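One is the number of the first residue; the rest follow in order along the sequence. Computed from a prediction, not measured in an experiment: that's the story for all the values here.
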Amino acid sequence: MDSRDRRLGLDRAISRRDFLNGVGVAIGASLLPACGKRGDPIADVPTSYYPPAETGMRGSHPGSFEVAHATVRGQHWSAEKTDEHYDLVVVGAGLSGLSAAYVYRRDVDPNARILVLDNHDDFGGHAKRNEFTLDGRTFIGYGGTMFMEAPKTYPATAKQVVRELGIDTDRHGDFYHEGLFASHGVGRVSFFDKETFGADYLASGEHGFGESIGDAPLSASAKAELARLFADEEDYLAGMTPAERRAVLEAHSWRDYLEKFAGVGEEGLAFVQKWPHGVWAIGADALPAWMAWNEGYPGFAGMDLDYGDENGSEVDDGGFYFPDGNASIARLLVRALVPAAAPGDSMEDIVTARFDYSELDQPENLTRIRLSSTVVDLRHQGGEFDADVDVTYVSGDKGRTVTANKVVWAGYHSMLPHVCPDVPGDQVAALNSSVRAPLVYTNVLIRNWRSLVELGLRRAYCPGSFFQTVMLTHPVSMDDYRFSQSPDEPVILHLQYIPLAPGLPAPQQFRVGRQALLETSFETFERNVRDQLGRMLGPGGFVPARDIAGITVNRWAHGYAYSVDAESGDVAWWPEWWRHERRPWVDARQRVGNIAFAGIDAASNAMTEAAIEEAHRAVHSLTTEAAGEAT
Ligand SMILES: Cc1cc2nc3c(=O)[nH]c(=O)nc-3n(C[C@H](O)[C@H](O)[C@H](O)COP(=O)(O)OP(=O)(O)OC[C@H]3O[C@@H](n4cnc5c(N)ncnc54)[C@H](O)[C@@H]3O)c2cc1C
């Protein structure tokens, strides 16, 4: 640690050092004692075990993925055969796996004995809750899934689950402090960094193109190009028919389109490169131009593309936010499945409910949720597709085999061929068509947000910096939980980082980015947090060494789910916009004997509603006579 690190505060004691340098001291399996208070060798978790309060490296935390990676590389595990038998075993305690358990109990058998297995030390998958405590007060943030976007457009199956859990999305206005940020004069800004643009500069205005862009470190021509682009009045394909326009948009990335047709130069292109990161986890170089048009990104004035109703038809109903994002949905599902795990009965009190994790895996539960357990083998007994299924998982360094009448796999598709020898060859290819984009959501607790008010910053787009987005978390109060109303109070900042390798096709970018992500230490994240916040907010009075009170890095190596067509190489960014007849994710999700497939890979759609809908489809596919009937 050099003097610069010390100035940034890397030596300060804050809430982040549960993991030394991001490795080693993993909670979860390693904390679980060998024998429990109730005499069950696996059921005992101390009541103090409360993973949402862990800080440091979370998401795919150390200890969660090593067994899976070794399995994919070919490692075999010896396992003790237990006498545990379940009606249903669910692999994955994300929103899809938890929904599968819920729907099975609701629609198939209310008395079913169910085991849910997950490799993480917490349930929820991407829907992850982060908590910080400072001076006796708890601050809640979203470590992944941020909100329910457009819940009115959810498919009926997902709407029903949401409603049954007691979530009333019409009450958004009761909890979301609409006018809070405006009353403090904070809004959208852009931050130009000196490594990319030659000088550090914060430009205010909706897209950083207010009057202050006049002083931004850009050439006069780049300023003029960007001003023209974001004014979005020019038709760059004037004179072309709708069919010709479509052909142009379908043949170019957004970046190439802007370069060739809108005359945007290198500086302007550097500015827009990370524009789509937060929504699609890909940059302008690999985002198809027609998607950019669909998203309402600039550069497409006058486009009449004759796409019919296919595009732009989604109703924007504003979304619904819990303070911990959709982790509250996961918590509501868990409370429904294991009532003893949490008190309360409303969507409000789930926010403040202190979960008792020691209740999740008790032998007397109808549903048991077993964390820190990676499924490494899945096969029908005797190779007979109507027989029970042996499910082997590894927890700590111990393998155990349980049996089940039925299994729902709500984990990653691409892992399944390494785990389940029963999957037919052509389905293996379809399962392998699923790719995952890596993402990192970092939460930083700061002691006050006076510097943001001073600078007018609610959300910053940072095209050249490590974190492309820095923003105040959504201002939501529910039950007794109050969002900081005054800039003098602590608040959580949300920072996004999408590791990619621009220039390569998207699936390769995801692979390269994921590898780089797993090699990035917590210390590197912390240094970047401190350096970037110091440079952006310093002019407003922010001092990283003094003002940062906690850091949690949520590393999602396997984030958004997309299917890739093997023949064309096309990525199914959004299934409703898919133009090929082949739908690899549908081929991939066909039931194999007593094993059905849920999860977002099964939809090529990472959204919460898809996770729930796929759970419903998978459960109901298990109730049909023959495999493959309900797709
Ligand atoms: C950073 C981020 C932000 C997001 N924001 C939003 C948002 O705002 N709104 C929205 O609607 N959607 C959002 N999403 C999409 C989100 O993926 C879905 O909402 C949903 O949570 C996915 O649920 P899932 O259960 O299918 O997958 P996951 O959440 O990935 O859960 C699958 C679980 O299975 C586990 N697993 C996999 N293999 C095994 C195995 N072999 N053994 C045991 N366990 C295994 C995984 O580790 C994981 O815990 C976001 C996603 C990310 C990554």
Side-chain angles (χ1 to χ4, degrees), residues 8-10 12 14-19 21-23 51-62 64 120 122 124 126-132 134 139-147 191 193 274 277-279 281 323-325 327 437-447 449 452 457-474 490-500 513-514 516-537 542 544-545 547-560:
L8 287 172
L10 267 100
R12 296 294 171 103
I14 60 160
S15 163
R16 55 127 150 36
R17 283 278 155 76
D18 308 284
F19 302 105
N21 219 7
V23 289
E54 297 298 321
T55 55
M57 191 66 92
R58 302 293 294 152
S60 300
H61 58 79
S64 66
H120 288 98
D122 199 354
H126 298 152
K128 182 76 75 194
R129 176 174 168 117
N130 287 170
E131 290 182 16
F132 295 98
L134 182 64
F139 297 86
I140 301 174
Y142 37 87
T145 313
M146 191 187 291
F147 74 125
F191 177 67
D193 64 298
K274 294 185 181 177
H277 271 204
V279 178
D324 59 4
L439 299 93
V440 181
Y441 275 15
T442 297
N443 284 321
V444 182
L445 181 70
I446 58 172
R447 292 180 189 278
W449 42 294
L452 285 92
L457 189 162
R458 172 189 181 168
R459 180 186 183 118
Y461 170 58
C462 316
S465 306
F466 185 84
F467 297 102
Q468 99 280 345
T469 299
V470 173
M471 59 185 266
L472 285 159
T473 41
H474 293 283
V491 79
I492 298 175
L493 292 181
H494 168 84
L495 282 61
Q496 287 178 12
Y497 165 63
I498 318 292
L500 292 165
R514 175 160 44 251
L517 178 56
L518 290 173
E519 289 164 6
T520 305
S521 68
F522 179 82
E523 189 181 324
T524 299
F525 279 102
E526 178 169 357
R527 187 173 288 110
N528 278 290
V529 164
R530 290 177 178 280
D531 175 62
Q532 189 170 337
L533 292 184
R535 286 160 59 182
M536 289 175 63
L537 306 178
F542 185 84
D547 294 332
I548 291 176
I551 301 175
T552 297
V553 175
N554 295 279
R555 170 175 66 181
W556 298 114
H558 304 270
Y560 296 166

>> Using a 3.5 Å distance criterion without hydrogens, assess whether the side chain of N554 forms a donor-acceptor pair with backbone atoms of Y441.
In response: yes
> Where do F191 and R535 land on the side chain to side chain contact (heavy atoms under 4.5 Å, CB included) test, with the steps shown first?
Replying inline: CA-CA 10 Å; F191 177 67; R535 286 160 59 182; 4.2 Å; yes
> Within a strict 4.5 Å, meaning less than it, do heavy atoms of the R459 and T469 side chains meet?
Replying inline: yes
>> Donor-acceptor check, side chain of N443 to backbone of Y142, threshold 3.5 angstrom: yes or no?
In response: yes
> Is there a donor-acceptor pair under 3.5 Å between the side chain of R514 and the backbone N or O of A557?
Replying inline: yes
> Do T55 and L445 come close enough that some side-chain heavy atom pair is under 4.5 Å?
Replying inline: no
> So, the side chain of K274 versus the backbone of I498: is there a donor-acceptor pair under 3.5 Å, distance only?
Replying inline: no
> Would you find a donor on one side and an acceptor on the other, under 3.5 Å apart, between the side chain of H126 and the backbone of H558?
Replying inline: yes
>> Quick one: does any side-chain atom of W556 pair with a main-chain N or O of G143 as donor and acceptor, under 3.5 Å?
In response: yes
> Where is the tightest heavy-atom contact between L439 and A281, given as atom of each residue plus distance?
Replying inline: CG-CB, 4.2 Å
> Do you know the tightest heavy-atom contact between G278 and Q468?
Replying inline: N-NE2, 3.7 Å
>> Could you report the tightest heavy-atom contact between I548 and V529, atom names first, then the distance?
In response: CD1-CG1, 4.1 Å
> Distance from F467 atom CZ to L495 atom CG, nearest 0.5 Å?
Replying inline: 5.0 Å
> For the side chain of E526 and the backbone of I551, is there at least one donor-acceptor N/O pair under 3.5 Å apart?
Replying inline: no
>> When you measure from the side chain of R129 to the backbone of A327, do you find a donor-acceptor pair of N or O atoms at a distance under 3.5 Å?
In response: no
> Checking side chain to side chain contact (heavy atoms under 4.5 Å, CB included) for the pair L537/D547: CA distance, chi angles, key distance, verdict?
Replying inline: CA-CA 11 Å; L537 306 178; D547 294 332; over 6 Å; no
> Do the side chains of P544 and R12 get nearer than 4.5 Å, heavy atoms only?
Replying inline: no
>> Looking at M57, is its backbone amide N or carbonyl O close enough to the side chain of R555 to form a donor-acceptor pair, meaning the two atoms are under 3.5 Å apart?
In response: no
>> Quick one, H120 and S60 - any side-chain contact, counting heavy atoms below 4.5 Å?
In response: yes
>> Restricting to non-hydrogen atoms, name the atom on R530 and the atom on L10 that form the minimum distance, rounded to 0.1 Å.
In response: CD-CD1, 3.8 Å
>> If I take atom CZ from residue R447 and atom CZ from residue F542, how far apart are they, to the nearest 0.5 angstrom?
In response: 10.0 Å
> With side chains defined as the heavy atoms from C-beta onward, is the minimum distance between Y497 and T442 less than 4.5 Å?
Replying inline: no
> Can you check whether I492's main-chain N or O pairs, donor with acceptor, with T473's side chain at less than 3.5 Å?
Replying inline: yes
> For the side chain to side chain contact (heavy atoms under 4.5 Å, CB included) test, which of F139, W449, F132 pairs with P490?
Replying inline: F139
> Any side-chain heavy atom of V470 sitting closer than 4.5 Å to one from C462?
Replying inline: yes
> Does some side-chain heavy atom of H494 sit less than 4.5 Å from a side-chain heavy atom of H474?
Replying inline: no
> Do the non-hydrogen side-chain atoms of H61 and E54 ever get within less than 4.5 Å of each other?
Replying inline: no
